[in-house]
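Quick notes on the structure that follows.
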Amino acid sequence: MRYALVVVIAALGCAGAPEVPPVDLSRVEFVDLSHALDSATLYWPTSPSRFRLERLAYGPTPAGFFYAANTFAAPEHGGTHLDAPIHFHAGGLTADRLPLERLIAPAVVIDVAARAAADPDYRLTTGDVEAFARAHGPIAAGSIVLLRTGWSARWPDAKRYLGDDRPGDASNLHFPSFGADAARLLVEERRVAAIGADVASIDYGPSTDFVVHRIAAAAGVPGLENLTNLDRLPVTGAVVAALPLKIAGGSGGPARVVAFVPIPR
Ligand SMILES: [Zn+2]
């Protein structure tokens, strides 16, 4: 038995341990795709509550050291956040159960900022997706598809970002986003990991049927909303990590979304 063990160790020694290159973060620039949560954070006009932060402690303690701590509360859907499939699909995965492969993946950025500037109700078309593929190569299964509209420059001005700033009234919203056919193409045919946009919803402002949410959720594809800094990403080549709070049973949640952008040698 001892002899066999020695042979195995010797064999391993001869073959050499597999070379595992270290993760080289010196070749990567981090880009934060998240808005900070604060009193200005935008929520859907019908949201009954907003982000709230209360100070529990701040300052010197009787023991002589400094101590700070807060408590916070927030709706799941507002600010930079994730929609889990359960948000629009009975039986869909909740935020805590989403596989990390859907949340950390190569990103592609489809830029419709020029079209959205001309039409605030612009919706991504299948033609846009096909034109992207012709220019930059096919969108690989397992990608995170990010739609750049340029709308994050309007954050947190509700009137300009949502199209209307009347509390409680979501009937007159205007902003661009995904179209239904493009969403079907991406999630059902291209089988992307997730879709996201730098606007308040993966459906465009005037939507009342939230069809893109329903298409994505039915396919188990999470959505990312209220992203920012998409102009700092390459069209392809970045890796995005979109990690929501791990709320057990959550229909989504505030997320810190970051990109790893390779630095050219
Ligand atoms: Zn949401």
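None of the values given here were measured: they were computed from a predicted structure. Counting convention: from 1, in listed order, for ligands and their atoms alike.
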Around Phe66, counting heavy atoms of other residues, nucleotides and ligands shown, do more than 12 lie under 6.0 Å from its CZ?
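Counting neighbours around CZ of Phe66, more than 12 heavy atoms of other residues, nucleotides or ligands fall under 6.0 Å, so yes.
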
Report the C-alpha distance between Tyr161 and Trp155 in whole Å, list the side-chain angles of each, state the deciding distance to 0.1 Å, and finish with yes or no for ring-ring contact (aromatic ring centres under 6.0 Å, His included).
CA-CA 6 Å; Tyr161 190 79; Trp155 180 275; 5.2 Å; yes

Any idea which heavy atoms bring Val211 and Ala180 closest together, and the distance?
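It is CG1-CB, 3.8 Å.
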
What's the shortest heavy-atom distance between Arg166 and Pro45, and which atoms?
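Scanning both residues, the minimum pair turns out to be O-CB, 3.8 Å.
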
side-chain hydrogen bond (donor to acceptor under 3.5 Å, both in side chains) contacts touching residues 236-247 (sequence neighbours left out):
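Every pair satisfying side-chain hydrogen bond (donor to acceptor under 3.5 Å, both in side chains) with a residue in residues 236-247: there are none.
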
Check the Zn ion (ligand 1) and write out every protein N, O or S atom at under 2.8 Å, as residue and atom.
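Short answer, with waters excluded from the count: His77 ND1, His81 NE2, Asp83 OD1, Glu225 OE1.
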
Ion pair Glu189/Arg191, N-O distance below 4.0 Å:
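No salt bridge links Glu189 with Arg191.
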
